[in-house]
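Worksheet: the structure to be examined is printed underneath.
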Amino acid sequence: MHDKTVTQLAAALKSGEFSSRELTSHFLQRIEQADGTLNSFITVTAEQALNQADVADQARAAGNAGALAGIPLALKDIFCTHGVKTTCGSKMLDNFIAPYDATVVEKLSAAGTISLGKTNMDEFAMGSSNENSYFGAVKNPWDLSAVPGGSSGGSAAAVAAGLVPAAMGTDTGGSIRQPAAFCGITGLKPTYGRVSRYGIIAYASSLDQAGPMARSAEDCAHLLNVIAGHDVRDSTSVARGVPDYTETLNAPLSGLKIGLPKEYFGDGLDPEVEKAVREAVKVYESLGATVREVSLPHTHYAIPAYYVIAPAEASSNLSRYDGVRFGHRCDAPADLIDLYTRSRAEGFGEEVKRRILIGTHTLSEGFFDAYYTKAQKVRRLIRQDFLDAFEDVDVLMGPASPTPAFDLGAKKDPVSMYLQDIYTIAVNLAGIPGISVPAGFAGGRPIGLQILGTHFAEAQLLNVAHQFQQATDWHLKRPAFAEENA
Amino acid sequence: MQWETVIGLEVHVQLATRSKIFSGASTAFGAEPNTQACAVDLGLPGVLPVLNEQAVAMAVQFGLAVHADIPEVSVFDRKNYFYPDLPKGYQTSQMYHPIVGAGEVEITLDDGTTKRIRIHHAHLEEDAGKSLHEDFHGMTGIDLNRAGTPLLEIVSEPDMRNAKEAAAYLKAIHSIVTYLGISDGNMAEGSMRCDVNVSVRPKGQEAFGTRAEIKNVNSFRFVERAIAFEVERQIELIEDGGKVVQETRLFDPERDETRSMRTKEEANDYRYFPCPDLLPVVLDQAYLEHLRSQLPELPADKRARFQAALGLSAYDANVLSASREMAEFFEEVHRVCGDAKQAANWVQGELSGALNRENLSITNSPVSARQLGELISRVLDDTINGKAAKEVFQALWNGQGESADEVIETKGLKQVTDSGAIEAMIDQVIAESPAQVAQYRDSEPEKRGKMIGYFVGQVMKASRGTANPQQVNGLLKEKLDALL
């Protein structure tokens, strides 16, 4: 059962091959066996999942089950879930139980899907390796000495190991696409505003975006159908119709114009990653696409601009964790300042503190224009680069990450860690959608091909990704760990 | 040295929206602590603000009322600081692009002259919660019912030159917002409060002196007193060779003084930046025109109309237009009785006196505008005389009757104009007062006019006040003179 995609599982549930309870039990059992090694879950909600499975089975028996009814999923622990602990990977929220569901969670349960639990993540989504979690690092199922990528590393690892058929992630600077690449799965970051942010614990509000992580582009299309759409509770969600993303998956690619940004193939790119990406592009040419080189001239400003804007917003978003109303509070505070400083010093991890300090500094009087205002100008230039490129080509392609998954503990210096997101970060600054699909291996570790489109081009990205997956089998490869731990 | 005072006000007006500025929680005053704070007001992880359209409309209406520029685009910013009653660690406000631009209001001074005070801008923001220091044994309780209540902060230019002007400006703002119905203006409940910026400079000097900001003054009277104290303090300080430091001060009404709260060096760095959770507010011309068409007649226009069309004095027009309730009451009285001067006299005289005695607002007046109008009509058509009218008013005030006519009927106060009946009463009074008649007869002719008052009083008494005094006067004179 765990080898099947969401699409296949839905068909099997429909035909009565097995019940949702059987399916759910199967995955719960796998989690119990394997997750001690992998550490991809923070919370497993077995009892609730089985209850939801029964409800789905009853709905199916009564003839009113939706397309995805009874499909088990996992949620990155950044999505608030009513009555279930939501930690955001932080000691600060180790005791936090939200009194509401995130809109994404609400929509998924309305569609009849089942939540198996909450997956591990870098604290407050800050990280590129999942080593910043209060609950410990997640291991990459392809190689237990490697990182799964961050910050949605728990979701990516759980899907890759066959502990769950699909999971939800969030992507602020690459946090869906990079772990998808490292773990050999498909991850889609939709256009900013396409999916509601309500109930998603904010890291950098103008960049955060939720999206699906699964085995195939087709599965991502099914899931995006459920979670996309305007939400009156999120003023930045866009009021725009949601197409059926599965309908256009098989559109032919002949005439597709692909752009290869030359800045994505420069220094620092692992030769094996480059080779895999260029091989993938050849597959597209064989499917009738044309390829040309394009330029995104402001690419090298993306990381500096991101590390001004994201920490600035984060420093403000994380002010609410002050020990007063919820979350971690220090013991016996002497006075108010002691309550604030000790609660925050104890509750936040090192990377979170680093970014709060950076953000507080760049927003300070006297520095605001030099950093924040300047970064916003750079952001507009980066966005314009993409819009200019999409005048000439339909999609852009390149690597999702300059290297395959690196070893746990390998990157000690924060800046070298930040550089991991060099190909993903500009996409968030521009607000455009991007998808990472498996496209090869280097030393047994997966490589991701990143495909970018203009605003609201999700249907096209899914079509382009799906056609690649019809022509190749990279997405069908499974890590040995998935079978050894069955 | 002659000193000149320079005053600027930041007035915080709580807007009368039903729900909060960024959440659906109720804004009603006086509920149990933390019963009107939803997840958004508590700043729980993951929640997002959604702007209340009613708050935007109210802010724009204020802008239109003070003839301000309304920019097409305004933006919400975050003002970051830590305080236990500030749930998110920032206050959502407008720093760089406020919703209302430059405007002006006219104030009326005691001598009847008017002065224009410029408004720098007005911006929307959310209120914080409240810290409760009592009943917690050395700890602090937090009530977040007020958190997220919409405020309009109206910032004036430093155009006021004394405490009276400042109070007049505050009253003008109060009057505008209550006319618009965008705030209840209740200062005791904190619906309106202000920060006062005060500095002094030698008369004739152009440059401003160093200012002190007095925080959270919440009554017209306190504004005057806080300024008076602060001006004296600053002048004494400078004259004694000292220097005013830029600082925030608190006014203590108990001791009638201002006290230092924090100096400029301790000031916060609020790290303002545009709130990424809210889109810029874009207002098109059609929307502005729609709101403009819904504006009520404002106090300045009313005042002008009361003088020009109704012939009221500047003083009367000013008093009667000061509050919307007062103006509406007066206009209803006038509509019913048709005589503006009489209506103005009654509303400002008998009615206001009675209201003041019992500490009632005009909206709670036991005598309705219709009742008072009808009462005046009965005076105007000679049904009752002035003395009876006061009795009718008192009866209506006490609830002894539904209308003036009913009271006149049941109390038999209808004016007696039948000359036969009056003559009979006069004859009886003359017959019963031989000594006074003799005195009248023996007086110098020019003194008789005064003496007639005794007889008038007796006749009025005999008629229980209902005889027409003019008639009584005329007939008495005839009859007494006939006895000479």
Side-chain angles (χ1 to χ4, degrees), chain A residues 78-80 86 88 92-93 96 98-103 124 193 196-202 204-208 231-237 309 312-313 315-327 336-337 339-341 344 359-368 372-373 376, chain B residues 21-24 34 37-53 75-92 95-96 128-129 131 133 138-144 147 264 267-281:
Chain A
I78 199 169
F79 292 91
C80 284
T86 300
C88 217
M92 187 58 94
L93 290 175
F96 179 68
Y100 49 84
D101 277 332
T103 298
F124 285 103
S196 168
R197 288 187 296 116
Y198 185 83
I200 297 172
I201 296 178
S205 311
S206 74
L207 302 161
D208 295 344
D231 181 4
V232 292
R233 292 177 296 188
D234 175 3
S235 313
T236 61
S237 79
I309 292 166
E313 293 182 9
S315 71
S316 175
N317 284 335
L318 269 56
S319 301
R320 68 191 62 197
Y321 308 105
D322 57 6
V324 173
R325 295 164 309 284
F326 52 79
L336 184 60
I337 298 298
L339 167 70
Y340 289 155
T341 50
R344 289 168 70 80
T360 303
H361 177 72
T362 56
L363 288 179
S364 298
E365 244 176 79
F367 298 100
F368 180 74
Y372 184 83
T373 309
Q376 290 290 16
Chain B
I21 185 166
F22 298 121
S23 86
N34 297 309
C38 68
V40 175
D41 307 318
L42 293 170
L44 289 186
V47 297
L48 295 170
V50 177
L51 179 58
N52 183 336
E53 198 185 327
V75 177
F76 282 97
D77 299 293
R78 290 185 183 177
K79 177 181 181 179
N80 293 278
Y81 65 97
F82 286 97
Y83 205 71
D85 62 20
L86 186 73
K88 299 187 295 293
Y90 57 82
Q91 179 191 22
T92 308
M95 172 68 176
Y96 302 107
S131 295
H133 300 288
M139 294 191 284
T140 300
I142 303 292
D143 176 9
L144 294 176
K264 190 185 173 189
N268 273 307
D269 176 357
Y270 291 118
R271 306 186 307 280
Y272 280 99
F273 76 107
C275 178
D277 287 330
L278 291 161
L279 300 175
V281 179

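So that the names make sense, note that chain A is the first sequence line, chain B the second, and so on, each numbered from 1.
Taking 4.5 Å as the limit, some side-chain heavy atom of A:Y372 sits within range of a side-chain heavy atom of B:P274. Side chains of B:L44 and A:P99 form a contact here, defined as non-hydrogen atoms less than 4.5 Å apart. Residues B:L144 and A:R325 are in side-chain contact: their nearest non-hydrogen atoms beyond the backbone lie under 4.5 Å apart. No side-chain heavy atom of B:L42 sits less than 4.5 Å from a side-chain heavy atom of A:F326.
Nearest heavy-atom pair, B:P276 versus A:S205, reported as atom, atom and distance to 0.1 Å: CG-CB, 3.6 Å. The two atoms that bring B:V50 and A:D234 nearest to each other are CG2-N, 4.5 Å, heavy atoms only. Nearest approach of A:E313 to B:R78, heavy atoms of both residues: O-NH1, 4.1 Å. Contact detail for B:P49 and A:S235: the closest heavy-atom pair is O-OG, 3.1 Å. In terms of heavy-atom proximity, A:R320 sits nearest to B:V47 at NH1-CG2, 4.1 Å.
Interface remark: A:L93 contributes side-chain atoms only to the contact with chain B (heavy atom separation under 4.5 Å). Residue contact with chain B, scored on non-hydrogen atoms closer than 4.5 Å, involves the backbone of A:A312 exclusively. Heavy-atom distances place both the backbone and the side chain of B:D277 under 4.5 Å from chain A. Contacts between A:T360 and chain B at a heavy-atom distance below 4.5 Å involve backbone atoms as well as side-chain atoms. For A:I200, the part lying under 4.5 angstrom from a heavy atom of chain B is the backbone only. Only the side chain of A:F96 has a heavy atom closer than 4.5 Å to any heavy atom of chain B. When heavy atoms are compared at a cutoff of 4.5 Å, B:Y272 approaches chain A solely by way of its backbone atoms N, CA, C and O. At a 4.5 Å heavy-atom cutoff, A:F79 makes no contact with chain B through either its backbone or its side chain.
A distance-only check finds no donor-acceptor pair linking the side chain of B:D269 to the backbone of A:S364 [under 3.5 Å].
Taking OG1 of A:T236 as the start and CG of B:L48 as the end, the distance is 6.5 Å to the nearest 0.5 Å. Atom CZ of B:F82 is separated from atom CD1 of A:I337 by 9.5 Å, given to the nearest 0.5 angstrom.
Comparing B:G46, B:G89, B:S23 by heavy-atom pairs within less than 4.5 Å of chain A, the highest count is held by B:G46. In terms of non-hydrogen atom pairs under 4.5 Å with chain B, the most contact-rich of A:G327, A:S316, A:G199, A:C80 is A:S316.
Ring geometry for A:F368 against B:Y96 counts as parallel: the plane angle stays under 30°, on a 0 to 90° scale with 60° as the upper cut.
Within 6.0 Å of OH in B:Y270 there are more than 12 heavy atoms belonging to other residues, nucleotides or ligands.
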